[in-house]
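Presented below is the structure to which this report refers.
Note that this is a predicted model, so its numbers are computed, not measured.
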Amino acid sequence: MLFRPAPEDLKLIAFQLGRILYVVAIAGLIPLILAALNEDWHSVSTFMFMIGITGILSLSSEPWRPREFRLDWHHGIVVVALAWLIVPALGAIPLALSRHYGSFLDAYFDAMSGVTTTGLAVVQDLDHLAPAVNVWRSALQFLGGQGIVLAALTFLAGSGVLALYQGEARDERVLPSVTSTARFIWTVSLVHAAFGVTALWAICYLVLGFDPIRSVLHALTIFMAAFDTGGFAPMSTSLGYYHSLTFEAVTSVLMVAGALSFGVHYALWRGRRAILKNLETRTILATFGLTMVVTMFGLAATGLYTNWLGLGRQGFFQILSAHTGTGFATVPSVDLGLWTGLAFAGMVVAMGLGGMGSSTAGGVKAIRVGLTTKGFVNTIRAALLPEGSVISNRFWQNGPRTMHGDMARSVMTITILYVGLYVVGAIAGIAFGYPLEHALFESVSAGANVGLSVGITDASMPTLLKWIYIAQMWAGRLEFIAVFALGGFILSLVRGRS
Amino acid sequence: MTDRSRRLLQYAVGAVEGIVFEVVIVIALGLAGLIVALAVTWIL
């Protein structure tokens, strides 16, 4: 039986949402200052407008501050699901007012693509977008990659924050408390920012000959998009714009860093190399190797790259970008559409599998792939071996673990849901008249939060398809649980008993 | 050296080691990619 939420429940949810929105208002100050320094007064006014609205919404939730700070699992998960719908709506305001989007829906599409670290874009004339707005697009990715709620958790305290943390598809606490884990995640990110921005700036300034300020903007936007596996580039030709192997190499390091779970980062920082024993590490290395071999064979067969160096460079970078869920490309969308046969299959599988759990990457995630494979192999073993044979369910993941029935069911369910998400998006694309291969590629790219495109995603695509991709990006990023919880909550509001 | 500064130093060294590890991983994967490309070109 469903019970209708009490008014106190709704107030608590509204209050928590208000607190999370403070983070968006604070983040908006960065492009605001940049626009002011650049004397771009139009952008200044749009960011002030967004910060004003967000600030008013945050402050208006203050009267609902609970006497006792309590937040149970159900409240937390609904807050997360709603936050990931509302934050892009507010983040879309400066985009919509930038005159580079055909409608607010287009701006919302890009903002959702940003916060979910997808990277699919419908912006028009990106190459002439104001620097402050470009930085805001990347900042949305950084905010989303870090976790909007997690960003707020760094400053929040009290009981119930675990629900918010887990609701955002993070199930790994590397330190005993959620708050200390959140701070560790920020520390890792800032250290990588220092390394990444400096290295990219040096390449832009010293190798590519950009002026110092332009180098900073490019380094900053690419870092935020690479480390948070987002994929928004400041130029329409993505990373192909730079034509630089060293630039691609540094970006590759940042993409790999973004696709590692923060548990792995913690282990590395503590000098523990046992991570190579982890099921998750071995799985991702195996799937990366497999998809790379398949893609290279396919690419060679297409005849697009006649020498092995070009084949290796393009094949490696695109597969790395797909598998880490980043979505940067060094080849144009039109050319990516020509990657047919095995090259197409390799790319789609790499995108669909994704990075490590509790990372900023999307997709099924390596730990689930590893456990699903183990469960599958064990089932076959059980069928082949004599009755009564003992089959080990043990595996190594930061220590010895056992795969219980509940864990296997949960892993299988999420994996099947991802496959279903990819298929639904592909069917929608086919229904709108796109070829099967292109529709599947774009659907997996949206659902796994990758951002590579074969050309379907642009401002002129059907409105309904934009909504479908938005829903895919949202559900894929939250790994379904929060989405179902929100559905249940809405149902209990409508049909529940008092 | 206090416990706090020792811990911070340990963290700083760990952070550098972590980034070096990531660089090594990318170099290894990149080399593997080139070897695969060479092999594929040779086979086909």
Side-chain donor-acceptor pair present, A:Gln146, A:Ser189, cut-off under 3.5 Å
yes
Select one option (side chain, backbone, both, neither) describing which atoms of A:Phe288 are under 4.5 Å from chain B's heavy atoms.
side chain
Roughly how far, to the nearest 0.5 Å, is the CE atom of A:Met296 from the CG atom of A:Leu311?
5.5 Å
Pair count under 4.5 Å, heavy atoms only, with chain A: among B:Ile35, B:Val16, B:Ile19, highest is B:Ile19
Given the options B:Ile43, B:Ile27, B:Leu44, B:Leu38, which has more heavy-atom pairs under 4.5 Å with chain A than any of the others?
B:Leu38
Could you tell me whether the side chain of A:Asp335 reaches within less than 4.5 Å of the side chain of A:Leu304, counting heavy atoms only?
no
Does any heavy atom of chain B fall under 4.5 Å from the side chain of A:Phe297, the backbone, both, or neither of them?
both
Using 30° and 60° as the class limits, which term best fits the ring planes of A:His265 and A:His192: parallel, tilted or perpendicular?
perpendicular
Heavy-atom contact with chain B under 4.5 Å, split by part of A:Ile319:
neither
Under 3.5 Å, is there a donor-acceptor pair linking the side chains of A:Tyr241 and A:His218?
no
Pick one of side chain, backbone, both or neither for A:Val256, based on which atoms fall under 4.5 Å of a heavy atom in chain B.
side chain
A:Leu285 versus chain B, heavy atoms under 4.5 Å apart: side chain, backbone, both or neither?
side chain
Hey, are A:Gln314 and A:Thr330 close enough side-chain-wise for a donor-acceptor pair under 3.5 Å?
yes
At a 4.5 Å cut-off on heavy atoms, which part of B:Ile25 comes close to chain A: side chain, backbone, both, or neither?
side chain
